[in-house]
Every structure is written in C-alpha cells, then in structure tokens.
Amino acid sequence: MSVIAVQLGQCGNQIGYELFDVICSDLHSKNGTCSRRENKLYQEACKERFFNEDESGNLVARAVLVDMEPKVISHSLSMAARSGQWNYNHHSHFSQKQGSGNNWANGYCVHGPKHQDCVMDLVRKQVEECDRLGGFFTIMSMAGGTGSGMGTHVTQCLRDAYPNSLLLNHVIWPYGTGEVIVQNYNSILTLSHLYQSSDALLVHENDVIHKVCSQLMNIKQISFRDVNKVIAHQLGNVFQPTYTSEGASHYSRNTLGINWQVQPPSKPETEKFSLIKNLNFNTSVANLAILRGKDVHTASLEGFKDPALYTSWLSPADAFSTWKTPRAFNKYEKSATLVSNSQCLLKPLDNIVHKAWNMFASKAYVHQYTKFGIEEEEFLESFTILEQIIASYTNL
C-alpha cells in the first residue's frame, strides 16, 4: 500500500526531504546481507510505498509540501532534483509569501481554512496516483505556527476526507530551553487537537536527538540538519519494509509497515502516543522491535517479554512484537529500532503543560491567540485533555 507524506512548515519540509533522501539511498544501496531475490522484493515494496515513477522511470516522492513561506520548499525541490536519484512532483506543493508568525492560532484559524481547498486538492491528486492508498504521514513541528497550527487543521481535513485511511502524525518536540516564547501554548494546542483526530502520534524530542548527535556521533557544532538527518534515519529504519511474522514470504503491505492499533479498545486514552528511542526498558502499553540485517534471527529479545514492563491489562504476548528482515538498512550491517508506547513522554509533557498553565494563569500572550479566534475556553479544554493523558500514563 502507498503512503502519502504531507510535509508542513519549515521543520516538516526539512525532515521530509531528509527522510525521502535516506529511503532512496537505502533503496539503491548495494546489499550483501541478503540474496538478489530478497533485495528485489524489498525494493519493490519500498517503491510502492513511497514513490511514483515518471515517464522516464525516475522516482517521484509521494508527497505534498506545504509552507506559508516559499524558501524552504524551493530549497527542498532543488536539493531533491540535484540528488540524481529521486525528485518531488513540482506541481505538488503550496506556499505563500506570509508566514504564521509562530502563532498556532494564525495557522489554525486563518491560513488553514483559507488555503485548505488548495492543499486538499494537491492531496487528492496524490491519492489518485496510488493503486492502493494505505494512509497519510504528516510531518510537523509543535513549536511554530504553520507546521503546528496549519498542520493541525490539515490533519482534521484529512480525517474528514479520508475517514478509513490511517493517519499518522509525526511531531517534533521542541527544545526544553525554548525556541519561541509561546512554544508551550503552540504545543498544548497541537497535541490536544491531534489527539482527537490522529490514529497515532509519533514523537521525536529535539533534546534527545541533540544528545545522539553530541554523545554518540561526536558532532561538535550541531546544526538543525544534523538533527534532521538522525530523525530521518530513525524514521527510515521504522518505515522501510519488513516481515511482520515468522516464515512470511512477502513483505508486509500494512501502511508504513506498522499496525498501529496494537492497544485494546478498552483503554482508548492510551492509544495515541509513540516514541522512537534507543532500545531500553520503560513501563509500556506496547513495544515493537524492528531488526534489520545480518543474523537478525539470532537476536535475543527475551528482556522485552518480561510482564513487569507492561500494564496488567495486556499480556506480553500481545504487547510485544518483533519484525525482521535480513536486508540491511542503508549500508548498516545490523540495526535495531524500538517503537514504544510508554511513559517516556510523561515528564516532558508534564513540563510543557505546567509552563503553559503558568503563562495562561497570568494571561501572558493570550491576546495574540484570541485575536485570531482561539478563545480562553479552548485553552482550558486543551489543558483538560492533556491532564487526562498524563493521569492515564502515570497509572499504567
């Protein structure tokens, strides 16, 4: 099944470019860990999922690029064209000449409704080019205005227009030290609204990825592109094709390779958050380990089957899954990635809610949101939703 990426705002478009670039690099990498037949099956599944082919046989990303300013989109288009391996559809992007001023309400209440017909028409054209649509993958920041605000509005439009298609939102958690003064407002509004529209939220924390760049990769002067490349590599490791059961003869055709409905319906309040991270142990609703490359079938994952890791209302057999492929990812002989629905986000979520509430209690900057149509009651509703999420995960 095919996946359509919707890249929103500066952050979403920069990460989207890096993601397609790493997927294409992996697709074309010479692989010595599997047979030619295995490699061909892998490549075919990857192409169907993420790319169209133009009349010349060149790969074209299944993507819609959206930003209120044209600079980042133009840069992404030109970099993809220069790669010589893949390209964006040059008619599948939308931009204006006025940003959202890091204001969620401006993106959500003004730019979103004003331009939704144009954006959704671009989405429709991408859908029509899919033989089998599996779902949508949006990429956005929580801290700014366009990615978070307009991204939230576009997510709601996607849910309304394609109610039976999987909708996965990838969101970038802002640095704890602060990027913009109102980032906590933007974050709580984004999370509370996406929670009601999305099938799942896949989260990367900038602070965590920054540590990866510094401590594991030994990068001295860390740029946003360094951070984005790490995020894209982790996403590619998750989304590239895998076998989802032992002895399977075909790569999974599930959207993005993942069945995100791993949690039982009796606990809907814990279904929405997932976190890609280094392999470690936390109290979890569910975990998915993805192993790629040489000797994957000999890897021991018994530690993830410990009942103490999981909630009492879900057995380890249902809570833990392992997907494997002998085909290495992006020239790495072996790689392992964990997708975890766990308590890892409790502390950063509580911090954001706490900081946003302190600002809201003193009415700081609230007028910047009410002037675009977000009333105080909507802030209060967002706080309530997120406090309920915090309570649910605390009590796992």
Side-chain angles (χ1 to χ4, degrees), residues 1-7 13 15-65 76-77 79-93 122-139 162 165-166 168 170 229 232-244 248-259 290 292-293 323-332 335 337:
M1 291 184 178
S2 299
V3 175
I4 296 172
V6 183
Q7 305 175 187
N13 279 288
I15 292 175
Y17 163 77
E18 299 293 353
L19 174 59
F20 279 109
D21 203 53
V22 77
I23 287 174
C24 192
S25 176
D26 175 53
L27 179 67
H28 289 107
S29 64
K30 294 182 179 179
N31 201 284
T33 62
C34 64
S35 65
R36 290 185 178 180
R37 178 182 179 278
E38 181 79 37
N39 192 54
K40 183 178 180 181
L41 292 172
Y42 181 93
Q43 290 175 323
E44 289 174 349
C46 173
K47 288 179 181 179
E48 179 189 15
R49 185 171 293 170
F50 294 113
F51 296 99
N52 293 309
E53 287 187 344
D54 61 21
E55 296 178 353
S56 302
N58 300 314
L59 297 180
V60 181
R62 298 186 189 275
V64 175
L65 290 68
S76 297
L77 294 175
M79 286 197 301
R82 290 199 302 269
S83 73
Q85 293 188 320
W86 68 281
N87 211 333
Y88 283 112
N89 183 328
H90 282 256
H91 300 290
S92 191
H93 61 87
L122 295 177
V123 170
R124 177 186 58 79
K125 291 176 180 177
Q126 284 290 333
V127 169
E128 290 173 350
E129 293 185 5
C130 299
D131 291 333
R132 295 176 297 177
L133 174 65
F136 300 94
F137 175 53
T138 73
I139 311 172
Y162 304 95
S165 295
L166 186 140
L168 172 64
H170 176 238
K229 280 180 174 291
H233 179 84
Q234 292 189 354
L235 289 175
N237 226 327
V238 171
F239 295 152
Q240 283 290 65
T242 58
Y243 296 113
T244 58
S249 59
H250 298 284
Y251 279 104
S252 170
R253 295 191 182 277
N254 287 346
T255 302
L256 300 175
I258 295 177
N259 176 8
I290 302 171
R292 301 177 182 276
W323 293 349
K324 303 175 182 179
T325 174
R327 209 277 193 180
F329 174 73
N330 205 25
K331 301 178 183 179
Y332 284 77
S335 60
T337 305

Q: List the steps and the verdict of side-chain contact (heavy atoms from CB on, under 4.5 Å) for Met1 and Leu166.
A: CA-CA 11 Å; Met1 291 184 178; Leu166 186 140; over 6 Å; no
Q: Applying ring pair (Phe, Tyr, Trp, His ring centres under 6.0 Å), can you list everything that pairs with His93, at least two apart in sequence or on another chain?
A: none
Q: So among Asn237, Asp26, Asn330, Thr325, which one has a side-chain hydrogen bond (donor to acceptor under 3.5 Å, both in side chains) with Arg292?
A: Asn237
Q: Enter the distance from Gln240:CD to Arg49:CZ here, rounded to the nearest 0.5 Å.
A: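 The CZ atom of Arg49 is 7.5 Å from CD of Gln240, to the nearest 0.5 Å.
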Q: Provide the closest heavy-atom pair for Ala45 versus Pro241 in the form atom of the first, atom of the second, distance.
A: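 Smallest interatomic distance, heavy atoms only, reads CB-CG, 3.6 Å.
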Q: Grab the two heavy atoms, one from Ile4 and one from Val123, that are nearest each other, plus how far apart they are.
A: CD1-O, 4.3 Å
Q: Which value, rounded to the nearest 0.5 Å, describes the distance between Gln7 atom CD and Ile139 atom CD1?
A: 5.0 Å
Q: Among Leu19, Leu59, Asn87, which one satisfies side chain to side chain contact (heavy atoms under 4.5 Å, CB included) with Cys24?
A: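 Exactly one pass, corresponding to Leu59.
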Q: Is the backbone of Ile290 close enough, under 3.5 Å, to the side chain of Thr337 for a donor and an acceptor to pair up by distance?
A: no
Q: Can you check whether Tyr243 reaches Pro326 side chain to side chain, under 4.5 Å on heavy atoms?
A: yes
Q: Supply the atom-to-atom distance Phe137 CZ to Leu235 CG, rounded to the nearest 0.5 angstrom.
A: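 Going from CZ on Phe137 over to CG on Leu235, the span is 5.0 Å.
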Q: Between CD1 of Ile23 and CG of Leu27, what distance do you get to the nearest 0.5 Å?
A: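 Those atoms lie 9.5 Å apart.
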Q: Can you tell if the side chain of Arg327 reaches within under 4.5 Å of the side chain of Ser29, non-hydrogen atoms only?
A: yes
Q: So, taking the atom named CZ in Phe51 and the one named CD in Gln85, what distance separates them when rounded to the nearest 0.5 Å?
A: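 Spacing of CZ (Phe51) from CD (Gln85) equals 9.0 Å.
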Q: Is it true that a side-chain atom of Ser56 and a backbone atom of Asn58 form a donor plus acceptor pair closer than 3.5 Å?
A: no
Q: Using the side-chain contact (heavy atoms from CB on, under 4.5 Å) rule, take Arg62 and Val3 through it: C-alpha gap first, then chi angles, then the decisive distance, then the call.
A: CA-CA 7 Å; Arg62 298 186 189 275; Val3 175; over 6 Å; no
Q: Which word best sums up how the rings of Phe239 and Phe50 line up, parallel for under 30°, tilted for 30 to 60°, or perpendicular for over 60°?
A: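 Phe239 and Phe50: tilted rings.
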Q: Please test Asn89 against Gln126 for side-chain contact (heavy atoms from CB on, under 4.5 Å), starting from the C-alpha separation and ending with a verdict.
A: CA-CA 10 Å; Asn89 183 328; Gln126 284 290 333; 4.2 Å; yes
Q: If you round to the nearest 0.5 Å, how far is OG of Ser83 from OH of Tyr17?
A: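 Reported value, rounded in 0.5 Å steps: 6.0 Å.
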Q: Please examine the side chains of Lys125 and Ser92, heavy atoms only from C-beta on, and report whether any two atoms are closer than 4.5 Å.
A: no
Q: Under 3.5 Å, is there a donor-acceptor pair between the side chain of Ser2 and the main chain of Glu48?
A: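 Yes: the side chain of Ser2 pairs with the backbone of Glu48.
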Q: Go through it in stages, so that I can follow the logic: the residues are His233 and Tyr332, the test is ring pair (Phe, Tyr, Trp, His ring centres under 6.0 Å), and I'd like the CA-CA distance, side-chain angles, deciding distance and then a yes or no.
A: CA-CA 11 Å; His233 179 84; Tyr332 284 77; 5.1 Å; yes
Q: Would you say His91 has more than 12 foreign heavy atoms packed within less than 6.0 Å of its NE2?
A: no
Q: Are any of the side-chain heavy atoms of Phe329 and Val22 separated by less than 4.5 Å?
A: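 They are in side-chain contact.
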Q: Any salt bridge linking Arg124 with Glu128? Criterion: basic side-chain nitrogen under 4.0 Å from a carboxylate oxygen.
A: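 So Arg124 pairs with Glu128 through a salt bridge.
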